[in-house]
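Numbers for residues simply follow the sequence, beginning at 1.
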Amino acid sequence: MTPLSGVVSGLVADAFESAGLARDYGSTLPSNRPDLGQFQCNGAMAAAKKAGRNPRDLAAELVEKLEKQPIFSQVSIAGPGFINISLTDDFIAKHLAGLADDPRCGMPGPSEAMRVILDYGGPNVAKPMHVGHLRATIIGDCLRRIADFVGHDTKSDVHLGDWGLPMGMLINELELTRADLPYFDPASSGPYPSESPVTLEDLEALYPKAAAACKADPARLEAARQATAELQAGRPGYRALWQHFVDISIASMRREFDALGVHFDLYKGEADVHDLIEPMIADFKAKGIAEESSGALIVRVALPGDKKEIPPLILLKSDGSVMYGTTDLATIVDRVQSFHPELSLYIVDQRQHLHFEQVFRAAKLSGIDEGGALEHIGFGTMNGPDGKPFKTRAGGVMRLHDLIEMAHGQALTRLSEAGLAKDFDEEEKNVIARKVGIAAIKFADLSNERLTNYIFDLERFTQFEGRTGPYLQYTAVRIKSLLAKAEERGEHPGALLPPVDEERDLELLLAGFPDTVALAWGKREPHHLCDYAFRLAQAFSRFYQYCHILSDPNAELRASRLALAALTHRVLSQLLDLLGIEVPARM
């Protein structure tokens, strides 16, 4: 169905067209001055300037046309030519009835569905996930959910760091301490043990030790480089050992991603594109895009109109080794061959923007992207109370698992303080607390404008009041409880009646759901959903406070208000699902 703003915009566009002006001037949005009208069109000023007319005179001509529309209760002019419009209550009720019957809450499908790749998460093999991975994971998963809901064909890829020098460091370190393992016999081609000789905890201890040794001893660094080269050249024992590293790391990652309710279609890494690098570089050379510079192979990506220096992208270093940009370009080749994406989103820290600018320009120059759009979706940092990137109290990087456990513990405390779930058994209480803790983490992150830094305050984020995820969960549970109570009494949602003052704001807000989703997707900004969800919860609270629902003596009015409550629950639940927030069955 057509969104309410689309219906209004269409009629206003008709008025502009009948006045001999372009329909585009008729774009109409919810008013930022609700005291003047529910919707506002600012096109008269621009149209008048184009036509050489007085804007207020033009607005008066348009108002005269719009006043003839039966769905408009009031049309007026403000200032130099702003057109304010309000709808009749009958039409609002009719439109909301259509929303109530629509499983997508009024969200139309895309005019043209796209194949979309989303690259987010980015953990490294053999290292625990930490809070630095949180924003990419949460924002990326939210954008995937929105893209799916809008109607695009998506693939999500975690893009593992699994193929560089750190792997050689680990192999070399393990060989020094466990030389008896069959993986290190150069004459062996397997088969090798199916069970890993190390745990993730072992790898977490080995890597810092190996890195420190390589930093202090050039011979150790050279040995690690040699191990990396032999791994990438296909030495059987090293490949088998590396596969163990990958398998145990992914198992740990899945635990954290499952706890966050985050999904990936693909668990590919740099290793998956290794065999594509050589032919890709040959193609760059054949097209005259790659050139030698001081022994390295580079691609010049600077453009005449650049306002800042854009350095060349290095494909091969002087020693022949590849860079992150090289594997990122090969990943584009791989994705084009397997999926042919029309849009690729890279959800990565904003501090990596220059890197992606170089990669995207090189991809466009070479044509390996097949003309698909490439976008870097950057974001700011999650900071502690000191305004610096979030750390443990001891000053170290906090593991993601530990943060999730902290949120679970804080949520249990909040449930107890609020007197919620007090009669539930411990198992159910813990399940609810985990959902509340994850909601606190996700909403705190997504509710901020993506590029801004924010202060992580778990005590505030887990509260059941204010602009928090738990507050939205509680509102959804509260509405569900109201509907269940009505059903027990044999009462059910009915036809929506024309709204009274206390209902009108809620109904107009509900009608804005499709516009909000479209805005969040178009700008790649999840915070628009968070803002809207919070305003919706507040509007329902006012409606609940001032309007009798189950206690009204008029049965028809009770049924209408139950229908409004049911629609609010559906829209709020859909919003929370798009944010990746799960609503408990009860609290």
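- A donor-acceptor contact shorter than 3.5 Å is absent between the side chain of Ser27 and the backbone of Asp24.
- Side-chain N or O atoms of Asp306 include one that pairs as donor or acceptor with a backbone N or O of Leu303 at under 3.5 Å.
- Here the closest non-hydrogen pair linking Leu66 and Leu11 is CD2-O, 3.9 Å.
- In Tyr454, the OH atom is crowded: over 12 heavy atoms of neighbouring residues, nucleotides or ligands sit closer than 6.0 Å.
- The aromatic rings of Tyr471 and Phe534 stand perpendicular to each other, their planes meeting at an angle above 60°, with 30° marking the opposite boundary.
- For the atom pair Arg450 CZ and Leu446 CG, the distance stands at 11.5 Å (nearest 0.5 Å).
- Summarising the local packing, CD of Glu64 is surrounded by 12 or fewer heavy atoms from other residues, nucleotides or ligands at distances under 6.0 Å.
- Using a cutoff of 4.0 Å between basic side-chain nitrogens and carboxylate oxygens, Asp445 and Arg135 are scored as salt-bridged.
- For the pair Gln358 (side chain) and Pro312 (backbone), a donor-acceptor distance under 3.5 Å is present.
- From Ile438, atom CD1 reaches atom CD of Gln473 across 10.0 Å, with rounding to the nearest 0.5 Å.
- Here the straight-line distance linking atom CG of Leu87 with atom CD of Glu507 works out to 11.5 Å at 0.5 Å rounding.
- The residues Lys65 and Asp14 are annotated as not salt-bridged, no charged nitrogen and carboxylate oxygen being separated by less than 4.0 angstrom.
- Counted within 6.0 Å of CD on Glu278, heavy atoms from surrounding residues, nucleotides or ligands total 12 or fewer; the atom is thus considered open.
- Using a 4.0 Å cut-off between a side-chain N of Lys or Arg and a carboxylate O of Asp or Glu, Asp57 and Arg53 do not qualify as a salt bridge.
- Scanning for side-chain contact (heavy atoms from CB on, under 4.5 Å) contacts around Ser338 gives an empty result, with sequence neighbours left out.
- The side-chain contact (heavy atoms from CB on, under 4.5 Å) check on Asp283 picks up Lys287, Ile368, with sequence neighbours excluded.
- Using cut-offs of 30° and 60° on the angle between ring planes, the pair His130 and His133 is tilted.
- Taking the six-membered ring for Trp, Phe461 and Phe443 have ring centres at least 6.0 Å apart.
- Among residues two or more places apart in sequence or in another chain, the side-chain contact (heavy atoms from CB on, under 4.5 Å) test is passed with Ala59 by Ala44, Ile77, Ile83.
- The closest donor-acceptor contact from the side chain of Glu256 to the backbone of Met129 lies at 3.5 Å or more, if one exists at all.
- Between Ser31 and Arg33, the shortest heavy-atom contact is OG-N, 2.8 Å.
- At most 12 non-hydrogen atoms from other residues, nucleotides or ligands lie less than 6.0 angstrom from NZ of Lys480.
- Closest approach of Ile441 to Ile404, counting heavy atoms only: CD1-CA, 4.4 Å.
- Side-chain atoms of Leu329 and Val273, non-hydrogen and from C-beta on, never get closer than 4.5 Å to each other.
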Given salt bridge (Lys or Arg N to Asp or Glu O under 4.0 Å), test Asp102 with Arg104 step by step and report yes or no. CA-CA 5 Å; Asp102 185 349; Arg104 289 170 53 79; 5.7 Å; no
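- What you find for Leu99 and Gly106 is that their closest heavy atoms are CD2-CA, 3.4 Å.
- In terms of modelled atom types and a separation under 3.5 Å, the side chain of Asp153 and the main chain of Met114 share no donor-acceptor contact.
- The ring pair (Phe, Tyr, Trp, His ring centres under 6.0 Å) pairs that include a residue from residues 326-353 are Tyr346-Phe356, Tyr346-Phe360, His353-His376, where partners are two or more places apart or lie in different chains.
- Screening residues 73-98 for side-chain hydrogen bond (donor to acceptor under 3.5 Å, both in side chains), with sequence neighbours left out, gives Asp89-Arg504.
- The closest donor-acceptor contact from the side chain of Tyr532 to the backbone of Leu509 lies under 3.5 Å.
- In this structure the side chain of Leu160 never reaches within 4.5 angstrom of the side chain of Glu270, judged on heavy atoms.
- Atoms OH and CG, from Tyr25 and Leu58 in turn, are 10.0 Å apart once rounded to the nearest 0.5 Å.
- For the pair Ile92 and Gln38, the minimum side-chain heavy-atom distance is below 4.5 Å.
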One pair to check against side chain to side chain contact (heavy atoms under 4.5 Å, CB included): Met323 and Leu316. What are the steps and the verdict? CA-CA 7 Å; Met323 304 284 284; Leu316 294 175; over 6 Å; no
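- One finds a salt bridge joining Lys364 and Asp369 here, because a Lys/Arg side-chain nitrogen approaches an Asp/Glu carboxylate oxygen to under 4.0 Å.
- Using a 4.5 Å heavy-atom cutoff, the side chains of Phe72 and Phe39 are not in contact.
- Put simply, the side chain of Ser560 gets close to the backbone of Leu497: a donor and an acceptor are under 3.5 Å apart.
- Side chains of Thr137 and Val158 form no contact here, defined as non-hydrogen atoms less than 4.5 Å apart.
- For the pair Arg561 and Phe543, the cation-pi test (distance below 6.0 Å, angle within 45°) is failed.
- For the atom pair NE2 (His527) and OG1 (Thr452), the distance works out to 8.5 Å, reported to the nearest 0.5 Å.
- Distance alone, capped at 3.5 Å, is enough to place a donor-acceptor pair between the Arg524 side chain and the Trp521 backbone.
- Residues Leu143 and Val116 have side chains not in contact (no heavy-atom distance under 4.5 Å, counting atoms from C-beta outward).
- The closest donor-acceptor contact from the side chain of Arg361 to the backbone of Val301 lies under 3.5 Å.
- In this structure, Leu118 CG and His159 NE2 are separated by 14.0 Å, a value rounded to the nearest 0.5 Å.
- The backbone N or O of Phe16 sits nowhere less than 3.5 Å from a side-chain atom of Arg23 that would complete a donor-acceptor pair.
- With Tyr120 as the aromatic partner, Arg144 does not meet the cation-pi criteria of under 6.0 angstrom to the ring centre and within 45 degrees of the ring axis.
- Residues Val150 and Met107 approach most closely at CG2-CE, 4.3 Å, considering heavy atoms.
- By the 4.5 Å heavy-atom criterion applied to side chains, Phe149 and Leu578 are counted as neighbours.
- Looking at heavy atoms from C-beta onward, Leu472 lies out of side-chain contact with Leu575 at the 4.5 angstrom threshold.
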Any chance you could lay out the salt bridge (Lys or Arg N to Asp or Glu O under 4.0 Å) test for Asp577 and Arg145, step after step, and finish with the verdict? CA-CA 8 Å; Asp577 183 69; Arg145 290 168 180 267; 3.6 Å; yes
Please lay out, stage by stage, how Asp265 and His263 fare under the test side chain to side chain donor-acceptor pair (under 3.5 Å). CA-CA 7 Å; Asp265 297 304; His263 164 79; 2.8 Å; yes
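- Leu315 approaches Met280 most closely through the heavy-atom pair CD2-CE, 4.5 Å.
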Show me the donor-acceptor pairs within less than 3.5 Å that the side chains of residues 510-520 make with the rest of the protein, sequence neighbours left out.
residue	atom	partner	partner atom	Å
Asp515	OD1	Ser5	OG	2.8
Asp515	OD2	Ser5	OG	2.7
Thr516	OG1	Gly512	O	3.0

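- Crowding of Arg255 atom CZ: a count of heavy atoms from other residues, nucleotides or ligands under 6.0 Å exceeding 12.
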